[in-house]
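All chains are named by letter (A, B, ...) in the order of the sequence lines, taking the proteins before the strands, and each is independently numbered beginning at 1. Please read all numbers here as calculations on a predicted model, not as lab measurements.
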Number of protein chains: 2
Amino acid sequence: MRASNSSSEEQKFQVRKLQISDKNKGFIQLLRQLTVCDSVSDKDFKDRFWELSALGDDHIISVVEDESSGKIIATGSIFMEKKFLRNCGKVGHIEDIVVDSNARGLKLGKKIIAFLTEHARLMGCYKVILDCSLENKAFYEKCGFKQKDIQMIKYFIAVLPCICVAVDVCVCACIFLFLFKLIRLVGIVGLGHGLDGAGLK
Amino acid sequence: MRASNSSSEEQKFQVRKLQISDKNKGFIQLLRQLTVCDSVSDKDFKDRFWELSALGDDHIISVVEDESSGKIIATGSIFMEKKFLRNCGKVGHIEDIVVDSNARGLKLGKKIIAFLTEHARLMGCYKVILDCSLENKAFYEKCGFKQKDIQMIKYFIAVLPCICVAVDVCVCACIFLFLFKLIRLVGIVGLGHGLDGAGLK
């Protein structure tokens with residue numbers, strides 16, 4: 001696929017909702033350009049797909065497919081948060097915006113954001129929000145967004161991998177100590193032989 | 001209620017999930033300390049309550065009740081976002097943290113955050129996130145969070161209020177023009193009489 005700014009090329013890329021067949025069109029590989037995304041089994045993909053589908057318009061994932069290559073080249077998601085404040089208002093949360101590195105310059109990111117923002121408006125949200133890096137601030141400003149607050153984050157470290165790492169470290173330390181002692185022992189014996197030899201001369 | 005740092009007072013305030021009876025315990029008034037929160041009818045409250053309850057542990061609202069006054073004095077919510085990336089991972093989104101202005105110093109905010117963060121961990125989230133103002137950054141750092149990105153926002157302006165404002169502006173403009181023309185007409189007539197009078201003198 002060739003990335004250009006021609007309006008005909010821009011028009012041919014339409015935003016649509018994720019379909020279950022998109023797994024075989026590089027959807028997971030595309031997410032991998034955003035962050036850690038291991039291989040997802042067909043079963044896990046289907047389970048998550050139907051789980052999200054059950055939420056209807058409260059959680060949608062949008063994609064752009066390149067019809068010529070049959071590949072998913074852009075994606076972004078939105079889900080509705082239902083509150084009590086603002087007269088039992090709703091907020092649209094935009095997440096996981098990514099455009100294929102070979103498809104830049106086609107304004108697909110802007111198309112995805114426009115699609116998701118319009119969805120939030122139609123769903124009756126009083127606002128739509130997203131978190132992004134400082135480098136992407138200018139892009140979202142072009143999409144009509146303004147910076148407001150900061151994002152705070154806390155990662156959870158899984159207990160099992162921690163134990164595995166600790167065990168690995170202990171095993172490595174034991175092997176290292178054993179080898180160190182062995183080398184030292186061999187060295188002393190060798191040195192003893194050398195001295196003995198020198199004494200014989 | 002007296003706000004103090006004694007551990008006995010801290011211990012007596014326990015975090016629990018929102019109950020439908022909390023509407024009559026000042027829950028909506030508490031939210032009003034955070035942002036715009038009009039009065040919510042009993043029906044609207046019930047509808048939203050059961051709508052969120054249907055999501056089970058995927059969306060919970062926590063509260064702290066002051067047993068002595070029977071008032072809700074702190075609240076915060078969390079909902080699960082289900083992704084395809086990070087091995088079909090989940091993210092906990094914390095929202096709407098507020099502590100009654102008369103209940104500061106009891107570490108209720110920290111208790112609410114700990115409760116919600118633990119809920120996210122038990123739900124298998126790989127991270128928990130929230131947006132806050134720069135002024136509250138230090139508080140969330142004490143809760144184990146770190147700043148990562150920035151929050152971008154876009155507000156929607158309701159169509160009906162816009163039309164009302166436009167109509168109001170048009171009506172005001174018409175009245176202004178009418179009065180302006182009337183004053184001008186009266187002024188010309190008056191000036192005419194004045195000239196006439198001057199001419200008679």
If you count heavy-atom pairs under 4.5 Å with chain B, which of Val36(A), Leu31(A), Thr35(A) comes out on top? Val36(A)
Quick one: of Ser133(A), Cys132(A), Ser39(A), who has the most non-hydrogen atom pairs under 4.5 Å with chain B? Cys132(A)
Examine whether an atom of Cys143(B) lies under 4.5 Å from a heavy atom of chain A, and if so say whether it belongs to the side chain, the backbone or both; otherwise answer neither. backbone
Below 4.5 Å, heavy-atom pairs only: which of Asp44(A), Val128(A), Ile129(A) has the largest tally toward chain B? Val128(A)
So which of Glu81(B), Arg32(B), His93(B) has the largest heavy-atom pair count under 4.5 angstrom toward chain A? Glu81(B)
Measure Glu51(A) against the heavy atoms of chain B and call it side chain, backbone, both or neither at under 4.5 Å. side chain
Interatomic distance, Ile150(A) atom CD1 to Leu134(B) atom CG [nearest 0.5 angstrom]: 4.5 Å
Shortest non-hydrogen contact from Tyr155(A) toward Lys148(B): OH-NZ, 3.8 Å
Would a distance-only check, ignoring hydrogens and angles, find a side-chain to backbone donor-acceptor pair under 3.5 Å from Arg48(B) to Lys83(A)? yes
Closest-packed option against chain B by number of heavy-atom pairs under 4.5 Å, given Lys137(A), His59(A), Lys82(A): Lys82(A)
What's the spacing between Leu130(A) CG and Asp149(B) CG if we round to 0.5 Å? 10.0 Å
Phe49(A) ring center near Phe84(B) ring center (under 6.0 Å): no
